[in-house]
Amino acid sequence: MGRKSDSVASFEASPNIALVKYWGMRDVALGLPYNSSLSLTLNRFRTQTTVRWEPELLEDELSINGEAAHGSALASITTFLDRIRSRTHDSSRAIVRSRNNFPIASGLASSASGFAALAGAATLAAGLKLSVRELSALARLGSGSASRSIFGGFVEWRRGVRPDGRDCYAHPVEGVRSWSTLVDLVAIVRDAPVKSARSAEAMQRTVATSPYYAERLREVPARIASMRRAIHRRDSETLFPLIMEECDSFRRACETTAPSLDYLTATSRAILGAVHTLNATSGRPVAAYTHDAGAHVHVFALQNDVKLVRRSLRAVRGIDRVWALRAGPGAHPIAARVR
Ligand code: PMV
């Protein structure tokens, strides 16, 4: 079955930074994680994706930042679009154009914003009417963290316990509309290597080989509960040490994976050191670092301390630029013509 005429829609989504990391799937086919995670969707960084369903097209086409993509990038998009084709019983192929205004494939969660925007644009253009929870569950099948980028601000992705995954979903953290004085200084590290292993494969290696993984899973629920309380109280002095403790736990799980996963560069490590030094000399938790599966480092601080933190980052060699981001909106449509 094919569409009689083309339908097109565009969606915009922002990446999120995980304060509690998703790392490991208990069910790969359904994208069900071993642990719940907690994140902040960011502003300023954006992916805009346009999907046009074309009945005459033989294969899906993908361009990222104006360049045609092939190989595994295109294959993962085709696999994702197949799920939509099977729901709509329409075999039309799609032209997907995606643009990012931030560095991609280097651990800045372009897959989160990418699959959130793709899920939104592809379903809207296909005329599917999904709730945000359904859209989030669909985005999850492209990239786990994309389930959280459907929502703005602080978002929790519950692991659930059911084998069918029906109790596994992301949702905004209740009762927290915004924390406007919270700033995420994203330090873009020069010479950050392009990501080699896909996170989805790397994390399953951790599950299979890290002797620390089981202990990490036991630690996470209490950490999420404490962070949720600290976020509700806007209590950075409690939240910031928890963010770093979690980041260190994630890194330890990666480092104890066989073969070991090391995402940081010397500059990234110097940033972690600079934050520890700043907090020690200030006598309070002024800042908190965290990173995902990449070399760039996110440093959280309250607005009043941003100058202080920027000054200590200036002393670190190898930082290309520092972006000041805050909480941002969830994925949303920007244009549509559905026939
Ligand atoms: O969503 P994926 O498959 O790209 O994996 C994300 C993994 C981390 O970014 C390291 C953690 C997270 O929760 O975002």
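This one's a predicted model, so the numbers in the text were calculated from it and none came from an experiment. Every number for a ligand or one of its atoms is a count from 1 in the order of the listing. Hydrogens, waters and symmetry mates are skipped; everything else that's a heavy atom, side chains included, is used.
Under the 4.0 angstrom criterion for non-hydrogen atoms, Trp157 is not in contact with ligand 1. By the 4.0 Å heavy-atom criterion, Ala112 is excluded from the residues contacting ligand 1.
Between the side chains of Ser249 and Arg216, at least one donor-acceptor pair of N or O atoms lies under 3.5 Å. There is a side-chain donor-acceptor pair under 3.5 Å between Ser268 and Thr265.
Close approach of ligand 1 to Gly144 (heavy-atom distance below 4.0 Å) involves ligand atoms 1 (O), 3 (O). Taking every non-hydrogen atom of Ala293 and a distance limit under 4.0 Å, the qualifying atoms of ligand 1 come out as 10 (C). Under a 4.0 Å criterion applied to the non-hydrogen atoms of Ser111, ligand 1 contributes the atoms 4 (O). Close approach of ligand 1 to Met203 is summarised as follows: ligand atoms under 4.0 Å from at least one heavy atom of the residue are 3 (O), 5 (O).
For Ser37, no heavy-atom contact with ligand 1 is shorter than 4.0 Å. Proximity of Ser199 to ligand 1, defined as any heavy-atom pair under 4.0 Å, is confined to the side chain (atoms from C-beta onward).
Polar contact check, Ala18 against ligand 1: no nitrogen or oxygen pair lies under 3.5 Å apart. Ligand 1 has no N or O atom lying under 3.5 Å from any N or O atom of Lys21, backbone or side chain. Between Asn16 and ligand 1, not a single N/O pair is under 3.5 Å apart. Remark: ligand 1 and Trp23 share no N or O pair separated by less than 3.5 Å (distance only, no angle test).
Among the candidates Tyr212, Tyr213, Trp23, the single residue satisfying the side chain to side chain donor-acceptor pair (under 3.5 Å) test with Thr206 is Trp23.
With hydrogens and angles disregarded, no donor-acceptor distance shorter than 3.5 Å links the side chain of Asn100 to the backbone of Asn65. Listed for the Thr41 side chain is no donor-acceptor partner under 3.5 Å among the backbone atoms of Gly328.
Distances from atom 14 (O) of ligand 1 to the heavy atoms of Met25, Arg148, Arg140 show the closest one on Arg148.
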* Steps toward side-chain contact (heavy atoms from CB on, under 4.5 Å) verdict (Glu246, Glu219) -> CA-CA 9 Å; Glu246 162 62 14; Glu219 294 168 4; 5.9 Å; no
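The aromatic rings of Phe240 and Phe300 sit tilted relative to each other, their planes meeting at an angle between 30° and 60°.
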Which atom pairs, donor and acceptor, lie under 3.5 Å between side-chain atoms of residues 307-317 and protein residues at least two apart or in another chain?
residue, atom, partner, partner atom, Å
Ser312, OG, Leu308, O, 3.3
Ser312, OG, Val309, O, 3.1

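Trp157 and Tyr169 have their aromatic ring centers separated by at least 6.0 angstrom.
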